Amino acid sequence: MSATTVRQPRSAARSPRPASARAFTVDWRPLAIPAFRRMWAASVICAVGGSFSVVAVPTQLFTVTGSSGAVGAAAGVSFAALIAAAVWSGARADVTDRRTMLLAADLGLALTYAALWLQAVLGGRSVPVLLVAVAFQGLTYGTVLTTTGTTVPRLVPAELLPAANSLSSLVRYGGSVLGPMLAGVLVPVVGLGTLYLFDAVALLAVVWAVAMLPPLPPLPPPAAGTQDAANAAATSSGAGGISNAAGTAGAGGTEGARGGGRGSSAAGWGSSAAGRMLAGFRYLAADRLLVAVLAVDLAAMVFGMPSALFPELARDVSGGTAGGGPETGLLYAAYPAGVVVAGLLSGTFTRARRHGALVAGAAVAWGIAVVLVGLASELWIALAALALGGAVNCVLSAFRTTITQAHTDDALRGRVQGALTVVLVGGPQIANLLHASASAHLHDLTGAHLHDLTGAHLHDLTSAHLHDAAAGGVLYGPRLVICADGLLTVVTVGAITWAIPDLRRYIAPAPVTAPAPEPEPEPGPESEPVVARTSPAPSGDRVSSAPASRARAGLR
């Protein structure tokens, strides 16, 4: 085995049937691959110790300016930088060694946190300096998100991608709960500047894990139409290896089985960045399966993510304070808690092959959970519904990412992953704007209508009475908006699934394993040498072929 080859143990390449209760807990199989195990372990450290800036940056900005407007401006700068980085880095990852690119992005993010630490130590109170640092943070983090999504399919065979993505969700959402909580405890003890230093040090673990990866240059296209190339790719990927010399990826044979599916990359390597991005969008728009996956995910994120209404919901349902309190904190924590629980039980769904149906079903279940949140007249019911929604969203996230990773040719995977990052980051931001605006307009309309109905007796109908009515079961204000948006999610996802049947029919290909060697013949006087045969890679039940998508997009 060459120095540039990462080979997966045979035990991890097999997908045994669940044999005990342990098979229904966390699916640890991807951790049998050393490269993925190192990256995942580093992400555990970074998810908690590297997320302190989520609290430190807005806290410092508010302390310096005394205005929440500065905090909002920083969020806008970070969001714009992250979106730009996702689109650019996605196109760049298709023509550059992904290990080098990921290493540079992680180092850049660590240096950004070090710069934030230095300015805090020096007593910096310059808002422009902070905003520049926030912009660099968005640029580097967007590059890390996108490039990591293109790297994992080169490390993990296709049949283990759902488990790998579930492990990543478990760490990401677990860190989003523990990290800010720990940061809130540490701020009065060690100060804001030390939190930035903790982030920079934690990222060194990720830098080490990435540095240990083999080079991951763009895969050269195999000879189009040659069965030997497809068989060789399937055999190599069935062993779970990454061989840059052979140009095969540990993706369970999904790429090699397409028989020259990477032919489009030859044209993309020499084109400009803008041309590559345009070609990626054409490819994405021409692939009905990928369009359906992204549309379903965007509908679930935009219509069904009511986090902007949690403070008002806590006040109306449980009598909490609108400015924040234990009730608001519980509402924000319930969703990631559900994701973590589902991640701890990932063995119950990661071996499934009907990935498309699971994406659509999980999105519909999320919409129903949102409706339950709106209907809830007690806080504990809303919390249970949000936790349920987080659990089904873990399933949605795992299989949405798996489909986009496994279905997309490696030569275009970066650009598709960039579009996915835009949806993941932009969806909740749009949801906050839409939900907050809808609730405000509904509140104004309801207040004006009540004024017209009651006239001089308006003083008898106080806001306290309205809140009591809302808690007693009357849909009012945020609860009505949340219910409507949950129903809109269900209807939209159902319409997408009906209009694009490729999604509900999509079945992941069966795992590809290396063929067993032929038994040697009995020795005899006229026996001839036995030539080892390899069986062609199975085509699976894929209903939307990537080559056909490339043809429609003009990417031959």
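All figures in this text were calculated on a predicted structure; none of them were measured in a lab.
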Work out which heavy atom in [X] is nearest to a heavy atom in [Y]; give both atom names and the distance.
X      : Y      : result
Ala299 : Thr492 : CB-CG2, 3.7 Å
Gln417 : Leu145 : NE2-O, 4.4 Å
Ala86  : Val422 : CB-CG2, 4.3 Å
Thr140 : Gln137 : OG1-O, 3.1 Å
Leu503 : Ala292 : CB-CB, 3.9 Å
Leu61  : Ala74  : CD1-CB, 3.3 Å

Worksheet item: Stepwise, does the side chain to side chain contact (heavy atoms under 4.5 Å, CB included) test hold for Arg154 with Arg99?
Response: CA-CA 11 Å; Arg154 297 279 293 271; Arg99 170 181 171 271; over 6 Å; no
Distance alone, cut at 3.5 Å: any donor-acceptor contact between the side chains of [X] and [Y]?
X      : Y      : value
Thr402 : Asn165 : yes
Thr146 : Thr421 : yes
Ser53  : Tyr113 : yes

Taking atom [atom1] of [X] and atom [atom2] of [Y], what is their separation to the nearest 0.5 Å?
X      : Y      : atom1 : atom2 : result
Thr150 : Arg413 : OG1   : CZ    : 8.0 Å
Leu331 : Leu386 : CG    : CG    : 6.0 Å
Ile482 : Phe303 : CD1   : CZ    : 15.5 Å
Leu111 : Leu116 : CG    : CG    : 11.0 Å
Met101 : Thr151 : CE    : OG1   : 9.5 Å
Leu216 : Thr147 : CG    : OG1   : 11.0 Å

Worksheet item: Hey, what's the ring geometry for Phe399 with His355, parallel, tilted or perpendicular (30° and 60° as the breaks)?
Response: tilted
Is the closest side-chain heavy-atom distance between [X] and [Y] below 4.5 Å?
X      : Y      : value
Thr404 : Leu290 : yes
Pro306 : Phe310 : yes
Leu284 : Thr408 : no
Leu313 : Val373 : yes
Leu118 : Tyr196 : no

Worksheet item: Can you tell me if Thr65 uses its side chain to pair, donor with acceptor, with the backbone of Ala70 under 3.5 Å?
Response: no
Fill in: Test item: Ser168 side-chain N/O and Ala164 main-chain N/O as donor-acceptor pair under 3.5 Å
yes
Worksheet item: Is Phe136 atom CZ crowded by more than 12 heavy atoms from other residues, nucleotides or ligands, each under 6.0 Å away?
Response: no
Worksheet item: When you look at Arg98 and Asp410, which way does the salt bridge (Lys or Arg N to Asp or Glu O under 4.0 Å) test go after all the steps?
Response: CA-CA 11 Å; Arg98 290 170 187 170; Asp410 188 76; 2.8 Å; yes
Fill in: salt_bridge(Arg415, Asp94) N-O dist < 4.0 Å
yes
Discussion item. Does this structure show an ion pair linking Asp97 with Arg92, if we count only N-O contacts that are shorter than 4.0 Å?
Written reply: no
Fill in: For Pro162, the option from Leu167, Thr350, Leu358 that meets side-chain contact (heavy atoms from CB on, under 4.5 Å)
Thr350
Worksheet entry | Audit row: Phe349, Ser166, side chain to side chain contact (heavy atoms under 4.5 Å, CB included) steps and yes/no | CA-CA 10 Å; Phe349 58 83; Ser166 296; 3.4 Å; yes
Worksheet entry | Audit row: Asp485, Met305, side chain to side chain contact (heavy atoms under 4.5 Å, CB included) steps and yes/no | CA-CA 9 Å; Asp485 287 337; Met305 187 60 72; over 6 Å; no
Show me, pair by pair, the donor-acceptor contacts under 3.5 angstrom made by side chains of residues 171-183, not counting sequence neighbours?
residue: Arg172; atom: NH2; partner: Ser169; partner atom: OG; Å: 3.4
residue: Ser176; atom: OG; partner: Tyr173; partner atom: O; Å: 2.7

Discussion item. Would you say the ring centers of Tyr335 and Trp366 fall short of 6.0 Å from each other?
Written reply: yes
Pairs under 3.5 angstrom only: tabulate donor-acceptor contacts from the side chains of residues 201-212 to other protein residues two or more places apart or in another chain.
none

Worksheet item: Between Leu130 and Val57, is a side chain to side chain contact (heavy atoms under 4.5 Å, CB included) present by the stated rule, with each step listed?
Response: CA-CA 8 Å; Leu130 283 172; Val57 169; over 6 Å; no
